[in-house]
Amino acid sequence: METLELTQEEQFQARIDADVRIEPKDWMPDAYRKTLIRQISQHAHSELVGMLPEGNWITRAPSLKRKSILLAKVQDEAGHGLYLYSAAETLGASRDQMLADLHSGKAKYSSIFNYPTLSWADMGCVGWLVDGAAILNQVPLCRTSYGPYARAMVRVCKEESFHQRQGFEIMQTLCEGSPEQKAMAQEGLNRWWWPTLMMFGPKDSESPNTEQSMKWRIKRFTNDELRQKFVDMMVPQAEFLGLTVPDPNLKWNEAKQGYDFGDVDWEEFWNVVKGNGMCNQERLQARVQAHEEGAWVREAALAHAEKRKQREAALVAA
Amino acid sequence: MTDSPMPTQATPAPTPETQANLFAFVLQLADTSLILAHRLSEWCGHGPILEQDLAMANIALDLLGEARSYYQYAAELEGKGRTEDDLAYLRSAVEYRNPLLVEQPNGDFAGTIVRQFIYDCFHYHLLLQLQSGPDAQLAAIAEKSVKEAAYHIKWSAEWVIRLGDGTEESRRRVEKAIENLWRYSGELTTPSATEKALQAAGFVPDYAAIQQQIDAHVTRVFEEATLPVPQGVFMQKGGKDGRHSEHLGYLLAELQYLQRTYPGLQW
Amino acid sequence: MSQKEWPLWEVFIRSKQGLDHKHVGSLHAADAEMAIQNARDVYTRRLEGVSIWVVESKHVHASNPDDSAAFYEPANDKIYRHPTFYQVPDSIKHM
């Protein structure tokens with residue numbers, strides 16, 4: 001029995017090493033399935049909760065064009081959440097269960113969304129920085145070992161690049177605008193820079209699951225690698241905008257052909273993860289409330305579908 | 001515009017008065033689409049299920065796009081150099097010309113559905129007519145929008161049916177919503193002075209005929225939803241003349257906040 | 001939580017006339033009509049389709065990957081089914 005199990009697991013790993021995608025009905029180790037469900041649903045929850053901080057500004061967007069773009073973008077996030085829930089469902093998780101885990105606090109979502117959006121510049125920062133960071137995380141996942149997840153990510157990434165560009169455009173418009181607008185942009189960057197760096201997760205030395213996840217190819221770069229990549233990508237863009245990155249230790253390192261940068265405030269990081277961020281409670285409450293207040297709607301639709309089915313059956317029988 | 005703004009030889013060039021009325025009417029259409037889009041967009045992230053969140057955002061986006069087309073055209077008709085954003089962001093509540101229905105708060109999902117269905121009935125049947133009207137640009141906007149409106153009315157009608165013929169609770173809620181909102185339905189097809197003048201000039205269709213089509217549509221849907229069609233309801237009106245409910249002021253305060261706080265900037 | 005979830009539907013989209021419908025993902029809906037509308041809202045926001053099929057997921061029957069040897073490998077050695085198996089003289093055109 002045991003040897004057979006081992007063989008199966010070895011075969012599984014061999015397929016992954018050969019870059020063969022795993023599909024829903026294929027055999028997979030339990031831990032792989034569990035880890036994937038956790039990772040994909042966490043990602044889906046992030047899209048869902050991620051609608052809230054930007055949704056906060058849809059009704060206040062400063063022009064009709066910006067309003068359309070922002071609404072379309074937040075709607076895309078709903079779509080991304082849906083693609084991802086679908087992918088997780090192919091592993092046998094139900095959306096109801098995943099949502100129950102989100103609502104009870106058992107499942108996590110990206111901590112970045114527990115920060116408040118306080119000015120219009122935050123719409124720029126979320127698109128430019130937060131989506132920029134998300135893209136770095138997500139592009140490698142288009143080649144992740146689990147087929148439905150990889151396909152969902154291809155779809156997500158295609159749509160995500162519009163998100164980052166619209167964010168950058170908001171920043172650029174502000175930076176080219178009045179002194180007040182420029183100050184708004186700088187103030188936004190000051191608040192969002194560090195939380196965005198936290199999006200890549202704890203330091204590699206404190207990220208116990210990384211090794212196994214890389215082996216399964218459901219993670220393709222380490223947290224620190226991605227964080228470094230992000231800083232190297234963003235600093236020139238901030239310079240282009242004429243903004244100052246709020247890190248006194250930021251310095252180009254010729255030898256490593258990358259930037260040295262200061263350490264993230266890990267105490268803040270763990271606090272927000274543990275639920276003590278500015279908006280943790282509001283975000284979760286908003287989701288729970290939407291779900292609970294929607295219960296009668298979902299019930300009614302089911303009840304109606306059932307009635308209709310029975311009527312049709314009665315017609316056929318008659 | 002080109003040197004021949006009015007395309008058909010059958011219609012004489014509009015008088016300055018008609019031109020002014022046309023501006024007011026297009027602006028009214030713009031305000032109506034914008035305010036309803038704004039209300040729908042308040043749902044974004046809070047819908048009863050993710051799939052319907054997407055559906056409502058889609059409808060809001062359609063309406064927002066339609067509003068922009070109207071505002072741009074209105075700005076052109078006015079010819080005073082105002083932009084779509086000037087018209088949307090720098091007019092006060094008493095200058096807004098949307099009917100009362102669309103500014104009503106979302107309420108629960110049933111309230112949003114009933115408001116949407118009442119409006120969709122009017123919107124769809126109006127656009128069907130406008131797309132063959134004498135004003136080429138208005139007709140072009142209507143032709144594009146009517147396809148979207150056809151989808152909206154399908155969506156809202158199906159939900160009226162589901163809620164009416166769903167559970168006891170959904171029925172109670174949808175009945176309550178109808179009771180709250182029906183009084184705003186009459187204004188849609190009660191022509192304002194502007195609309196009357198444009199009807200006389202042949203630019204706006206006869207609302208009595210549209211009302212008949214709406215009635216038929218409502219009857220069909222309500223019958224399937226097992227809901228009674230309200231009778232003898234006193235109809236509120238005023239929005240199309242700038243006399244609004246208290247809700248609009250708050251909506252505009254939010255909508256216009258940045259433009260009002262930082263006048264004259266690009267965003 | 002006692003409440004039942006809306007059923008899951010698989011969505012297939014024809015991206016343009018002349019192409020097959022292709023599986024794009026899934027969604028939840030209370031009935032078929034709603035599933036089609038949801039599919040339109042979820043999967044065709046960027047003009048991705050001209051036609052939509054939905055099938056309730058429970059009605060999809062799939063082959064078992066454990067059978068893949070029995071199912072697909074026999075086709076491996078039937079190279080005579082492929083046109084490149086045949087040598088056609090160079091002077092023969094349009095074949």
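None of these values were measured; they are calculated from a predicted model.
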task: Please examine the side chains of B/Gln266 and A/Leu174, heavy atoms only from C-beta on, and report whether any two atoms are closer than 4.5 Å.
output: no
query: Relative to chain B, which segment of A/Leu99 carries a heavy atom at a distance below 4.5 Å: side chain, backbone, both, or neither?
result: neither
query: Side chain, backbone, both or neither: which part of A/Leu52 has a non-hydrogen atom closer than 4.5 Å to chain B?
result: side chain
Closest contact, heavy atoms only, B/Leu163 versus A/Ala300: CD2-CB, 4.0 Å
query: Within the distance-only criterion (no hydrogens, no angle test), does the side chain of B/Asp85 pair as donor or acceptor with the backbone N or O of A/Leu64 below 3.5 angstrom?
result: yes
field: A/Arg95/B/Glu51 ion pair, N-O < 4.0 Å
entry: yes
task: For the pair A/Gln75 (side chain) and B/Leu54 (backbone), establish whether a donor and an acceptor sit closer than 3.5 Å, ignoring hydrogens and angles.
output: yes
- prompt: When rounded to the nearest 0.5 angstrom, what is the spacing between OG in A/Ser86 and CG in B/Leu50?
  reply: 9.0 Å
query: Within the distance-only criterion (no hydrogens, no angle test), does the side chain of B/Arg162 pair as donor or acceptor with the backbone N or O of A/Val297 below 3.5 angstrom?
result: no
- request: Please state whether the side chain, the backbone, both or neither of A/Met171 comes within less than 4.5 Å of a heavy atom of chain B.
  value: neither
- line: Answer key: most heavy-atom pairs under 4.5 Å with chain B among A/Gly177, A/Ala72, A/Ala286 is A/Ala72
- prompt: Under 4.5 Å between any side-chain heavy atoms of A/Ile58 and B/Trp43, yes or no?
  reply: no
message: One pair to check against side chain to side chain contact (heavy atoms under 4.5 Å, CB included): B/Thr261 and A/Trp120. What are the steps and the verdict?
response: CA-CA 12 Å; B/Thr261 312; A/Trp120 176 250; over 6 Å; no
query: So, does A/Arg298 use its side chain to make a donor-acceptor pair with the main chain of B/Pro48 at under 3.5 Å?
result: yes
- prompt: In terms of ring plane angle, is the pair A/Trp296 and B/Phe109 parallel, tilted or perpendicular, where the classes change at 30° and 60°?
  reply: perpendicular
- prompt: In terms of heavy-atom proximity below 4.5 Å to chain B, should A/Gln181 be classed as side chain, backbone, both, or neither?
  reply: side chain
- line: Greatest number of non-hydrogen atom pairs under 4.5 angstrom with chain B, of A/Ala78, A/Ser178, A/Gly50, falls to A/Ala78
- request: Write out all pairs satisfying salt bridge (charged side-chain N to carboxylate O under 4.0 Å, His left out) with one or both partners inside residues 39-53 of chain A, taking only residues at least two apart or from two chains.
  value: none
message: Would you say that B/Cys44 contacts A/Met51 through its side chain, given a criterion of any heavy-atom pair below 4.5 Å between the two side chains?
response: yes
field: Residue selection (most heavy-atom pairs with chain B, distance under 4.5 Å) from A/Glu176, A/Glu180, A/Glu293
entry: A/Glu180
- request: Can you measure from CG (B/Asp165) to NZ (A/Lys307) and round to the nearest 0.5 angstrom?
  value: 4.0 Å
query: Are side-chain N/O atoms of A/Glu299 and B/Thr167 paired as donor and acceptor at under 3.5 Å?
result: no
query: With sequence neighbours excluded, what pairs up with A/Lys67 under the salt bridge (Lys or Arg N to Asp or Glu O under 4.0 Å) test?
result: none
field: Side-chain donor/acceptor of B/His46 to backbone N/O of A/Ala290, under 3.5 Å
entry: no
- prompt: With distance as the sole test, does A/Arg66 use its side chain to make a donor-acceptor pair with the main-chain N or O of B/Trp267 at under 3.5 Å?
  reply: yes
